[in-house]
Structure formats: C-alpha cells, structure tokens
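This report refers to the structure that appears directly beneath it.
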Amino acid sequence: MEFFSGTKDYITTSGLTESVNAAIVLGRPLLIKGEPGTGKTMLAYKIAEALNKKLMIWNIKSTARAQDGLYVYDTVQRLNDARFGDRDIGDIKQYIKLGPLGEALDSKEQVVLLIDEIDKAEPEFPNDLLHELDQMNFYITETREWINAKERPIVIITSNNEKELAEAFLRRCVFHYIEFPDRETMKEIIDVHFPDLDKKILSFALNRFYNIRDLQSLRKKPSTGELLDWIQVLIYQKIDPELLGKDIPFLGTLLKKTTDIEVVKRRLMNV
Amino acid sequence: MFETFFYNLREHKIKVSLTEWLLLMSALDKKLITDFESFYYVSRSMLVKHEDLFDKYDQAFVETFTNLKAISIEELREFFEKFPLQEVEKLLNIKKGHYDYSLEDLIKKFKEQMEKEDGKPHSGGNKHIGTGGSSPWGKNGYADMGISFGEHHNMGTAVQIANMRKYKNYSSDETMDVRQLQIAIARLKKLLPEGPEDELDIDATIDRSSKNGGDIEIVFRKRKRNRVKLLLLMDAGGSMDPYNRLVNLLFSALKSRIRHLKHYYFHNCIYQDVFEDIGNRISFPTAELIKKYSDENYNLIILGDAAMAPSELLNEGGSIEYWYYNRKPCLDWLEEMKTLFPSSVWINPEQPRLWSRMYTSNIISSVFPMFHLSVEGVEDAMKYLVRKQVVNYG
C-alpha cells in the first residue's frame with residue numbers, strides 16, 4: 001500500500017495526511033471541507049500525482065443527477081444510426097457512455113476520482129450515490145450488465161458548505177476540514193511558489209495579508225490564491241516595501257469587493 | 001479507558017454510529033495509527049463529520065486522555081476486541097434492520113479482516129496489533145512491550161492540540177436543523193415541464209418517425225422541474241415571540257427549497273389587510289391577496305399559534321388594535337381562504353396537547369387542518385398539501 005505524504009509543491013497541514021491515508025486504506029470516500037482557497041480541489045490532483053494514478057473529475061452543478069455520473073444512454077445517436085449509420089444498432093453497448101463515476105468504477109487500474117463541490121447539487125444527490133460508493137458497483141439497465149470495480153477508486157469529495165449533507169452519507173465518509181493556513185504554513189507555501197523571494201517582501205506581504213484577514217467587517221476575506229497573485233505582482237513591479245509606509249499597493253489583487261477595499265483603506269491605510 | 005472515550009464523546013453529543021466505530025477499529029487494525037497524535041486525527045476523521053463538532057471532540061478528548069499514565073497496546077487491543085460491539089450495541093440501542101448491515105455481518109466482516117491481517121509479516125505472527133518487534137505503532141522504535149502512550153511525548157502533543165480548542169468558534173447548538181426541515185419540505189413538489197426543450201421525448205420521436213415512414217424525426221421536450229408555489233402567512237403577534245427561532249428556521253428552509261414563495265405577516269388574526277413587513281406598516285388588501293394567489297394555484301401555509309381572544313376571531317370590530325376596525329370577522333376570512341385554497345394548512349408552534357384547550361385554536365383547526373411546527377408535523381403538512389394540490393398544466 002502506498003501512502004500519501006504531500007508533494008513538493010503541496011504543503012499538507014496537520015491531520016490531512018492521516019485522513020487521506022485512512023480513506024485510501026479503508027476504501028472510504030474522503031470528504032474535504034474548508035474555506036475557499038485552502039486547496040480542497042488541488043488535493044485530489046496532488047494525491048493522483050503523488051501516487052501516480054489517473055485522475056477523473058466530476059464537477060457537480062446544481063442540475064447534476066447521480067445517474068449522469070454513472071452513464072448516459074445516447075438514444076439520439078442510436079436513432080440516427082438506425083436511419084443513416086452503418087453501425088450495428090443491435091449492439092447497444094456502443095451507445096452507453098460512462099460518466100466520471102462510471103468510468104472510475106470500470107477502470108482496470110485504481111484511479112483517483114474527484115467529486116468537486118457536491119453541495120451544489122440538490123440535497124438528495126449524495127444519498128443517491130450511497131449504493132455506488134459503498135458497494136462500488138452499478139447496473140446498466142439497457143444492457144443488463146453489472147459494472148463492478150476491479151480496484152476501488154480513491155474518492156475525494158469537496159464541499160463548500162452551501163448545503164448540509166445527510167447523516168447517512170456522512171457516516172460513510174472520512175472527514176477532514178482544511179483550516180486556513182497559519183503564518184508558518186503560509187511561509188512554506190509561499191516558499192514553494194517563490195523560492196527566491198526577498199525576505200522584506202515576504203514579511204511585508206505576510207503582515208499585511210494577515211492584518212487584512214483579521215478585519216472582522218470584510219465581506220470576503222482574501223485567500224491563499226489571492227496572496228500568491230499579489231506577491232507575483234509585487235515582484236513583477238519591483239516594489240520596495242521600505243518605501244511604502246502604510247500603503248498597500250495593488251489592493252485589487254487581494255480584494256474583489258469595492259466595499260472591502262474601502263474598509264481596508266479606512267482601517268489599515270488611514271485614507 | 002477507551003470506553004470512557006466513547007462515553008465522553010456521547011456525553012458531548014457526538015453521535016458516533018456503529019459503522020463509524022467499526023471504521024475506527026479497522027483503522028487501528030490496518031496500522032493507520034502510528035502514534036497518539038495520529039490517533040487524535042484519524043479518530044476525528046472517522047467519528048466527527050462536521051467542523052461544528054470539532055470543539056466537542058476536543059473536549060471529550062481532553063477529558064479522556066489528560067492525566068493518563070499509560071496505555072499498553074494490550075489494553076488497546078483488548079478493548080477493541082471486547083468492548084465495542086456488545087457495548088456499542090447496547091449504547092446505541094440498535095434495533096434490527098436499523099442499520100445497513102446487520103450487526104452479525106459487521107462482526108463477521110471485522111473478524112475476517114482481523115484474521116487476514118494476522119497473516120501478514122507486520123503483525124509478526126502475533127495476534128496483537130502492532131506488537132512483535134518493529135511495531136508500526138511507534139515511529140520512534142517502540143518494541144515488544146507495546147507503547148506506553150502516557151510516557152510518550154506524542155501523547156502530550158495530541159492532548160495539547162485538543163486543549164487548544166481552536167474549533168470553539170465553529171460550534172453551534174441547534175437542535176432542529178434546517179436540513180431536516182428541508183428534507184421534509186422536499187416532499188412538496190409539483191413537477192411540471194419548464195425551461196429549454198432539451199430532453200428527448202422517445203414516444204413522440206417514435207410516433208413521428210413512424211408517420212414519416214421510418215425517416216427519423218427527433219422530438220425534444222421540456223424537462224420536468226419543481227414548480228410548486230407557496231403563499232406563507234406568518235403571525236407576527238407578541239404571543240409568537242417565544243417561537244421566533246423555530247419560525248425563522250422554517251422560513252429559511254422554505255425559502256431555500258421553494259422558488260415561488262410569497263410571504264406576508266399578520267398580527268394575531270387576519271382581517272381585511274395583511275402586511276408585507278414584520279412591523280405591520282406596509283399593508284396589502286386580503287381580498288386582493290386571496291384572488292391573486294388562488295388564481296395562480298398557490299399552496300397556502302398559515303403559521304401562527306391560533307391563540308387569541310374569542311372576540312378577535314368571531315366578532316365584527318374584534319381587532320385588539322384600537323386604530324383598526326374590521327367589518328368582517330376573522331373567521332369569515334379564514335373560511336373564505338380555505339374555500340379558495342384547497343391545498344392549505346395551518347402550522348402551529350404550540351404543543352399539540354394544548355390546542356384543544358384553547359377555544360380559538362379549536363375553532364381554527366376545524367377550518368384548516370392543523371400541524372405542529374416540528375420535523376414530523378411539517379412533513380405531514382407537506383404530504384397533505386401535495387394530496388390536495390390542484391394539478392393544472394398551464
């Protein structure tokens with residue numbers, strides 16, 4: 001059994017590797033929650049990369065149905081072929097198109113399946129997946145065929161907390177909540193992306209970033225992704241923090257709401 | 001000692017299920033837990049499924065493991081062999097068929113797993129987990145005797161982490177949650193075709209194609225979507241104050257589930273005006289309200305405690321507001337509503353056993369079917385509404 005321990009450009013926080021490995025070893029889906037920008041989705045990519053497995057992605061939308069994840073029966077194509085095509089329309093198999101979950105279960109090798117933002121779907125959606133995630137098989141009605149997973153896929157499910165998930169579903173998952181990185185972890189993350197970053201810029205960026213996040217009245221707090229973008233701009237523009245005083249340049253990179261920008265200007269920049 | 005942990009978790013309202021407890025057992029068995037710190041995280045990831053509960057977990061953890069002298073691997077093993085199944089069964093008061101697997105199946109499965117595990121070199125032929133030399137339990141090289149967690153620095157770390165109580169802010173103490181209500185409300189459905197024509201209508205396609213002499217003609221139709229409409233009238237009178245939280249819960253659950261939701265307020269009883277705001281300042285004529293929404297086949301929910309002076313319900317001029325005169329008694333309005341809204345219910349936050357003692361709620365419940373503001377009550381109310389719903393494909 002291979003174990004996941006992060007990758008060189010993905011810093012794991014306490015408890016995350018334990019949860020990931022527990023989910024893998026026990027063959028249970030791993031439910032990941034956390035603030036936006038804490039790398040929930042990225043985790044699946046990195047697990048696939050670290051364990052050298054193929055990644056399949058199922059992006060959930062509000063209209064998603066569990067069935068679509070398993071397979072779609074392309075009737076239109078079949079009807080069309082009946083009229084014009086030269087394919088054997090008696091062979092129904094060729095009109096069954098597996099969805100991401102279906103493909104993950106059908107795959108000969110173990111794959112990583114990311115079910116991204118499961119909370120976007122209707123509240124019943126996770127319950128509709130219980131059987132498939134438990135038993136790791138499903139039935140194709142049209143061809144009267146069972147698809148049984150040869151290798152249990154590693155299932156990573158992310159949620160942004162827009163809707164509560166059902167108890168029955170939660171009981172089957174291993175759960176991890178990714179906390180927002182503290183200063184030390186953030187330093188490591190920045191170091192991975194900008195290894196040669198000037199110390200002055202680093203401590204300036206970190207100080208300002210956490211000062212801004214500490215403001216209670218913000219509508220949307222800046223996240224890791226925004227911090228990295230901001231540092232990129234600071235480097236590109238060759239900003240010297242010592243000449244800045246209280247100014248926070250390119251604030252628009254960190255904050256996306258005008259009201260938030262005004263709050264920061266008033267509270268931190270004394271404008 | 002692990003019993004204590006289990007009891008402490010339950011004490012802190014973390015409802016550990018049998019499935020989850022067994023999962024933790026197999027995690028121990030599969031050597032996922034290498035030291036006490038990893039025990040803290042792994043057991044949390046198996047037993048606690050919401051960050052709101054992390055703080056409670058931390059408290060239970062601290063209570064169980066502080067001042068602990070030592071846990072030997074023997075004890076750990078013994079505990080997980082003997083304690084959980086029978087005890088958990090007792091604790092959870094499991095009824096047959098209540099779980100997805102039967103208890104026997106689970107025990108069997110677990111035993112099988114254990115036996116399989118035992119064959120592997122890592123457990124060193126010994127049937128005790130992780131004993132037998134290079135124990136996976138101690139990355140710091142603990143040997144045969146098993147790990148004395150108590151003297152292990154990692155033990156301290158885990159308790160320290162728990163003691164930091166950093167999830168305190170996530171904690172909440174809701175009893176009836178919005179989700180339960182949402183599920184209840186999900187019963188209120190009226191599936192009607194709506195939106196773009198993007199669903200293949202196989203019957204119509206075959207029909208048309210046959211008429212074309214086999215020339216395929218593909219027909220699409222609109223997908224069915226929930227188009228249920230709901231008019232909600234809420235009592236904002238003073239006697240409703242104690243139920244504010246429940247009312248808000250129901251209101252937000254309804255709002256999140258039903259797209260066509262209209263709501264108005266009234267004070268104690270409904271007369272010729274209802275109000276758009278909770279302070280009863282912006283009025284809307286009741287007659288117009290009834291006409292408008294009954295024409296569009298809205299369902300009606302009236303939410304109130306149905307408690308008032310008899311005169312308020314029955315008399316002309318019965319309103320208790322000195323500035324307000326009603327020519328038509330409240331009861332007449334209610335009866336008119338019931339006639340024009342076939343699918344209508346009254347939801348009452350007051351305990352059902354008190355309804356019959358109250359003169360006015362007795363009368364009102366003879367007009368509208370009355371349901372209690374609880375998960376079950378709301379569920380029954382929704383079932384009633386669906387049955388009475390006018391089906392009109394317009």
Side-chain angles (χ1 to χ4, degrees), chain A residues 1 3 13-28 30-35 63 65 72-85 122-124 127 130-131 134-135 159 161-180 182, chain B residues 15-20 22-24 26-27 29-35 37-54 99-101 157 161 166-167 170 177-180 182-183 185-186 195 200 202 205-206 209 212 214-218 220 223 225-226 256-257:
Chain A
M1 181 59 70
F3 281 99
T13 42
S14 50
L16 180 60
T17 42
E18 280 89 347
S19 305
V20 171
N21 289 322
I24 294 175
V25 173
L26 299 172
R28 294 288 170 145
L30 174 65
L31 174 65
I32 295 285
K33 287 208 281 191
E35 256 186 70
T63 52
R65 295 179 309 155
V72 180
Y73 170 46
D74 193 350
T75 340
V76 178
Q77 184 65 52
R78 187 160 175 236
L79 281 168
N80 196 51
D81 285 352
R83 180 72 183 85
F84 305 108
E122 290 291 301
E124 295 80 16
N127 282 346
L130 288 184
H131 172 86
D134 247 3
Q135 304 299 317
S159 164
N161 248 351
E162 275 180 32
K163 293 190 189 90
E164 294 295 321
L165 300 166
E167 283 295 321
F169 178 76
L170 291 174
R171 268 204 300 275
R172 287 163 169 87
C173 295
V174 172
F175 172 64
H176 190 84
Y177 182 86
I178 302 187
E179 285 160 72
F180 196 82
D182 58 13
Chain B
K15 291 184 197 125
V16 177
S17 74
L18 183 63
T19 327
E20 290 164 328
L22 281 164
L23 206 60
L24 179 61
S26 45
D29 197 42
K30 293 196 172 178
K31 305 162 189 62
L32 278 162
I33 293 165
T34 48
D35 54 32
E37 194 179 327
S38 75
F39 173 71
Y40 168 83
Y41 287 117
V42 171
S43 111
R44 191 181 71 186
S45 76
M46 313 258 147
L47 305 181
V48 189
K49 300 299 164 64
H50 204 291
E51 67 275 17
D52 288 0
L53 296 171
F54 280 5
Y99 278 87
D100 326 319
Y101 306 105
T157 324
I161 294 168
K166 41 184 190 175
Y167 301 97
Y170 296 103
D177 66 51
V178 180
R179 196 196 141 78
Q180 286 174 302
Q182 280 174 337
I183 297 288
I185 291 163
L200 180 69
I202 295 185
T205 302
I206 292 171
S209 304
N212 280 351
D215 214 0
I216 308 268
E217 189 180 338
I218 288 165
F220 286 94
R223 247 174 237 270
R225 290 188 168 87
N226 192 6
S256 68
R257 291 291 312 191

Checking heavy atoms, do the side chain of Ala166(A), its backbone, both or neither come under 4.5 Å from chain B? both
Portion of Ile202(B) that has a non-hydrogen atom of chain A nearer than 4.5 angstrom: side chain
Highest number of heavy-atom pairs under 4.5 Å with chain B among Thr17(A), Leu31(A), Leu165(A) belongs to Leu165(A)
How long is the gap from CG on Asn80(A) to CD1 on Ile218(B), to the nearest 0.5 Å? 6.0 Å
Just do the side-chain contact (heavy atoms from CB on, under 4.5 Å) check on Lys49(B) and Glu167(A) with the steps written out, would you? CA-CA 9 Å; Lys49(B) 300 299 164 64; Glu167(A) 283 295 321; over 6 Å; no
Would you name the heavy atoms of Leu26(A) and Ser26(B) that are closest together and state the gap between them? CD2-OG, 3.6 Å
Output the distance between atom CZ (Phe175(A)) and atom NE2 (His50(B)), rounded to the nearest 0.5 Å. 7.0 Å
So for Leu30(A), is it side chain, backbone, both, or neither that comes closer than 4.5 Å to the heavy atoms of chain B? neither
Of all residues at least two apart in sequence or in a different chain, which pass the side-chain contact (heavy atoms from CB on, under 4.5 Å) check with Glu18(A)? Ser38(B), Tyr41(B), Val42(B)
Heavy atoms of Leu170(A) and Glu20(B) approach each other most closely as O-OE2, 4.3 Å
Looking at CZ of Arg28(A) and OG of Ser45(B), how far apart are the two atoms once the value is rounded to the nearest 0.5 Å? 12.0 Å
Heavy-atom cut-off 4.5 Å, strictly under: side chain, backbone, both or neither for Thr205(B) against chain A? side chain
With a 4.5 Å heavy-atom cut-off, do Thr63(A) and Arg223(B) have their side chains touching? no
As an exercise, state the distance from OH of Tyr73(A) to CG of Leu200(B), rounded to the nearest 0.5 Å. 10.0 Å
